[in-house]
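Below you'll find the structure, written out as structure tokens, and then a few comments.
Worth saying up front: this structure is predicted, and the values here are computed from it rather than measured. Residue indices begin at 1 and follow the sequence shown.
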Amino acid sequence: MRLPLPAPRAQGPADSGPSPAFLAGGGEAGALMRAHDWSTSSLGDPSAWPQSLRSVVGLLLGSKFPMFVAWGEELGFLYNDAYAEILGAKHPRALGARFHDIWAEIWPDISPLIDAAMAGEATYRQDLPLLMNRKGFDEQTWFTFSYSPVRDEGGRVAGMFCAVAETTARVQMERKQAFLVRLGDSLRGLEGPHVLPTKAAELLGAELGADRAGYGIVDASGEAVSVERDWTGGDVPSLAGEARLLDAFGPAVIAELRAGRALVVEDCQTDPRTADPAYLPTWRGIETRALVVAPLVPFGRLAAILYVHSRHPRRWTGAEVELVEEAAGRTWDAVQRAWAQAELRESEGRLQLALDASGMVGLYDWLVPEDRLFADARFARLFGVEPERAAAGAPLADFTRVIHPEDGPRVEAAMNRTVATGEPYEAEYRLIQADGEVRWVAARGRCLYGPDGAPIRFSGTVVDITKRKQAEERQALLSREVDHRAKNALSVVQAALRLTRAPDLPAYIREIEGRVAALARAQTLLAEEHWAGADLLTLVRGELDGFLGRDDGRSQVTVEGPTVALPAGAAQPFAMAIHELATNAVKYGALSTPAGRVAVTWRVEGSPPGRLRLCWAEAGGPPVERPPERRGFGTRVLDGTVRAQLGGTLSLGWEPSGLVCEVDVPLKPGPAPDDHWNEGGGG
């Protein structure tokens with residue numbers, strides 16, 4: 001943002017002559033100070049400022065970090081270009097003004113800290129929440145800053161200095177992620193077509209301090225939206241059980257939603273999309289003045305909306321809108337499943353009644369005394385019996401011979417129990433077809449008895465449930481795979497958190513973020529390839545992207561090797577290994593100097609799938625006099641990933657020209673082994 005310079009003005013007695021040297025430079029803030037009429041400020045003419053104030057002003061004008069100084073009894077305010085971004089619309093009138101007048105809205109929050117600083121005590125706050133008005137409206141912000149006392153030449157505290165960083169974006173992101181995790185945990189295990197969507201709406205509405213939230217379902221014609229249940233904070237009525245024509249909300253609103261864009265309205269009575277007299281009664285009827293609506297538009301059709309309402313005008317932040325959109329995306333699949341499961345249960349009930357009445361699918365009738373089983377054609381084909389024989393009646397054994405040997409005893413026991421006790425017969429079991437195919441069936445039946453209590457006939461139905469069982473097996477396999485990968489990734493992250501060393505918190509955060517980012521990049525690459533594997537060249541380039549090309553057209557890193565498809569289980573360990581080599585090179589090796597170079601080459605040897613031999617060779621960096629005296633975390637990661645996870649070998653050569661690392665691993669297919677590397681690094 002360019003800071004506006006004031007219009008030229010005639011200089012008065014107070015500013016005649018050249019500006020003091022300490023005001024030189026400083027960008028646009030420095031220019032404003034040199035042109036300012038200081039006769040209206042409690043600070044007075046800069047030429048008369050004490051040396052201590054001059055030194056602080058010179059410091060902040062030369063810094064790119066947001067800083068300000070408040071000086072004198074009225075705490076006259078001076079700041080640099082970076083801090084002007086924080087002031088927003090308060091700039092440039094804040095220059096030379098009283099601190100209290102500039103930040104009157106947050107004065108109750110910061111005045112105790114100011115008093116402490118003026119009393120000689122430095123103060124520090126991290127992520128302090130402040131409700132500020134710097135753009136014409138109130139907004140929730142967070143800041144990390146330190147107030148430091150500044151003493152004049154006589155040793156008296158005459159002012160205070162502040163270095164500040166706005167952390168609003170980070171705090172909002174952390175809060176959003178925490179809410180989404182809480183949302184997922186709260187919805188896990190919930191069932192029912194009403195319970196899950198209502199709970200999701202409740203959590204979202206409460207998080208945003210809204211008055212109402214819920215799902216609206218758009219009918220198949222796309223003409224009306226209905227609400228089955230929603231959540232309210234108690235001040236507005238529920239919309240549950242109501243249906244409205246979409247036209248009642250106005251064409252501009254519906255156009256936004258059908259286009260898949262979130263609808264954000266700060267005041268229905270002033271927003272041109274909602275304030276039309278023809279449509280304003282709709283909003284008044286549901287007591288809504290502000291809203292955020294996230295549309296769900298699968299396959300190009302508006303199918304549902306997730307809405308958040310406020311009964312008062314409200315300025316929605318970008319973070320709040322993003323939260324509604326992301327919550328809608330994350331909960332939609334779960335809500336759809338809940339609705340689909342409820343519909344499926346109802347459909348299955350109706351279907352079962354129809355099957356029992358129609359005799360169209362898998363009917364059988366076993367005459368127990370005669371041991372003759374009569375069945376329809378579909379039942380006969382499932383059990384490997386000619387339909388004609390089944391229609392005429394065949395021994396029960398002719399049908400049971402195709403039951404899977406592992407299931408046969410259980411099925412026989414269930415049938416005998418029904419014959420002996422009269423309880424309903426239910427069993428799910430496998431049938432081995434003539435071509436070797438295995439099919440699952442669900443059998444139901446009842447036994448009828450004569451006046452003497454002897455069993456007469458055993459009748460029921462059989463339904464082919466093969467597809468359902470296959471889906472359950474796929475889901476179970478996927479769940480196990482996801483659980484396995486999640487545990488592996490978490491174990492690596494836990495080890496990184498436990499073992500990473502750094503001189504300070506920012507450095508520690510950078511180290512952790514780099515290692516977790518390497519895992520995430522490999523995870524994304526695997527997901528893009530549907531977990532079939534990862535291309536080695538793409539993976540290596542992803543980790544070394546920042547060094548493959550420079551502004552002068554040259555590259556510090558060269559990458560060369562044949563096309564290699566890494567197995568899925570090897571992608572993340574390889575990503576971690578390359579990341580650690582690159583990190584070490586940036587800190588201590590070839591990539592720590594402009595003249596340094598790294599060559600990454602590989603080849604595949606042996607019969608398929610073969611072994612991958614990769615070489616990382618550094619040159620041109622700081623001379624290597626001897627190997628390091630102790631193994632760092634990066635070395636332990638390399639050792640653990642290559643040896644323990646990939647079953648390979650690792651060689652580290654500390655040549656005078658730089659590190660040479662040789663990796664030899666088998667390209668064996670299959671899932672990743674369990675992670676075993678720990679503080680010992682597997683070595």
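- For Arg182, the side-chain hydrogen bond (donor to acceptor under 3.5 Å, both in side chains) criterion is met by Glu207, not counting sequence neighbours.
- Partners of Ser310 under the side-chain hydrogen bond (donor to acceptor under 3.5 Å, both in side chains) rule, at least two apart in sequence or in another chain, do not exist in this structure.
- Scanning for salt bridge (charged side-chain N to carboxylate O under 4.0 Å, His left out) contacts around Asp152 gives Arg156, with sequence neighbours left out.
- A donor-acceptor pair is defined here as one N or O able to donate and one able to accept, closer than 3.5 Å; such a pair exists between the side chain of Arg54 and the backbone of Ser47.
- Among residues at least two apart or in separate chains, side-chain hydrogen bond (donor to acceptor under 3.5 Å, both in side chains) pairs with a member in residues 268-282 are Asp271-Arg273.
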Which atom pairs, one a donor and one an acceptor, fall under 3.5 Å between side chains of residues 107-114 and the rest of the protein, sequence neighbours left out?
residue	atom	partner	partner atom	Å
Ser111	OG	Trp107	O	3.0

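- Gln177 is listed as a side-chain neighbour of Met173, based on a closest heavy-atom distance under 4.5 Å.
- With a 4.5 Å cut-off on side-chain heavy atoms, Glu139 and Arg315 do not count as touching.
- With values rounded to the nearest 0.5 angstrom, Thr317 atom OG1 is found 9.0 Å from Leu323 atom CG.
- Between Arg314 and Glu320 the shortest side-chain heavy-atom distance falls below 4.5 Å.
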- Message: Under the criterion side-chain contact (heavy atoms from CB on, under 4.5 Å), I'd like the reasoning laid out for Leu95 against Trp38: C-alpha separation, chi angles, the key distance, then a yes or no.
- Response: CA-CA 10 Å; Leu95 189 65; Trp38 293 103; 4.3 Å; yes
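- Counting only residues at least two apart or on different chains, no salt bridge (charged side-chain N to carboxylate O under 4.0 Å, His left out) pair has a member in residues 61-80.
- Without hydrogens or angle criteria, Thr232 side chain to Ser238 main chain gives no donor-acceptor distance under 3.5 Å.
- Looking at Val324 and Val264, their side chains never come closer than 4.5 Å, going by heavy atoms from C-beta outward.
- Side-chain contact between Leu203 and Phe179: present, with at least one pair of heavy atoms (C-beta onward) separated by less than 4.5 Å.
- Here the CE-CG distance, from Met33 to Leu61, works out to 4.5 Å after rounding to the nearest 0.5 Å.
- Remark: Arg98 pairs with Asp101 by the salt bridge (charged side-chain N to carboxylate O under 4.0 Å, His left out) rule, at least two apart or across chains.
- Considering every non-hydrogen atom in both Leu544 and Ala582, the closest pair reads CD2-CB, 3.6 Å.
- Looking at every heavy atom in both residues, Met160 comes nearest to Ala117 through CB-CB, 4.2 Å.
- Atom CD1 of Ile254 and atom CG of Leu263 lie 8.5 Å apart (nearest 0.5 Å).
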- Query: Given Ile106 and Met132, is the side-chain contact (heavy atoms from CB on, under 4.5 Å) satisfied, shown in steps?
  - Reply: CA-CA 7 Å; Ile106 61 172; Met132 306 176 78; 3.9 Å; yes
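- Although no hydrogens or angles enter the test, the distance criterion places no donor-acceptor pair under 3.5 Å between the side chain of Asn80 and the main chain of Gly62.
- Sorted by first and then second residue, the ring pair (Phe, Tyr, Trp, His ring centres under 6.0 Å) pairs involving residues 120-146 (not counting sequence neighbours) are Phe145-Tyr147.
- Contact check for Trp49 versus Leu43: side-chain heavy atoms found under the 4.5 Å cut-off.
- When every heavy atom of Leu246 is checked against every heavy atom of Arg258, the shortest pair comes out as CD1-NH2, 3.8 Å.
- Of all non-hydrogen atoms in Leu183 and Ala200, the two that sit nearest each other are CD1-CA, 4.0 Å.
- A distance-only check finds no donor-acceptor pair linking the side chain of Trp316 to the backbone of Glu266 [under 3.5 Å].
- When all heavy atoms of Ala213 and Asp230 are compared, the closest pair comes out as O-CB, 3.3 Å.
- When every heavy atom of Arg34 is checked against every heavy atom of Leu23, the shortest pair comes out as NH1-O, 2.6 Å.
- With Tyr307 as the fixed residue, the side chain to side chain contact (heavy atoms under 4.5 Å, CB included) test singles out one of Leu239, Val292, Thr288: Leu239.
- We find the CG-CZ distance between Asp267 and Arg289 to be 4.0 Å, quoted to the nearest 0.5 Å.
- With sequence neighbours excluded, no residue forms a side-chain hydrogen bond (donor to acceptor under 3.5 Å, both in side chains) with Ser146.
- To the nearest 0.5 angstrom, Leu75 atom CG is 10.5 Å from His100 atom NE2.
- In this structure, the side chains of Val57 and Trp71 stay at 4.5 Å or more apart for every pair of heavy atoms.
- Among residue pairs with one or both ends in residues 86-96, those qualifying as salt bridge (charged side-chain N to carboxylate O under 4.0 Å, His left out) are Lys90-Glu105; sequence neighbours excluded.
- Residues Leu59 and Phe22 have side chains not in contact (no heavy-atom distance under 4.5 Å, counting atoms from C-beta outward).
- A donor and an acceptor atom, one from each side chain of Thr331 and Tyr215, are located under 3.5 Å apart.
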- Query: Going through the distances and angles, do Phe249 and Val225 end up as a side-chain contact (heavy atoms from CB on, under 4.5 Å)?
  - Reply: CA-CA 11 Å; Phe249 297 97; Val225 60; 4.2 Å; yes
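- Counted by atom type alone, Thr198 and Glu202 present zero donor-acceptor pairs between their side chains at under 3.5 Å.
- Distance check, rounded to the nearest 0.5 Å: CG of Asp127 to CD of Glu166 gives 11.0 Å.
- Taking the salt bridge (charged side-chain N to carboxylate O under 4.0 Å, His left out) definition, one finds that Arg229 meets it with nothing, sequence neighbours left out.
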- Just do the side-chain contact (heavy atoms from CB on, under 4.5 Å) check on Ser52 and Glu153 with the steps written out, would you? CA-CA 7 Å; Ser52 52; Glu153 286 69 12; 3.7 Å; yes
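- Residues passing the salt bridge (charged side-chain N to carboxylate O under 4.0 Å, His left out) test with Arg330 are Glu326, sequence neighbours excluded.
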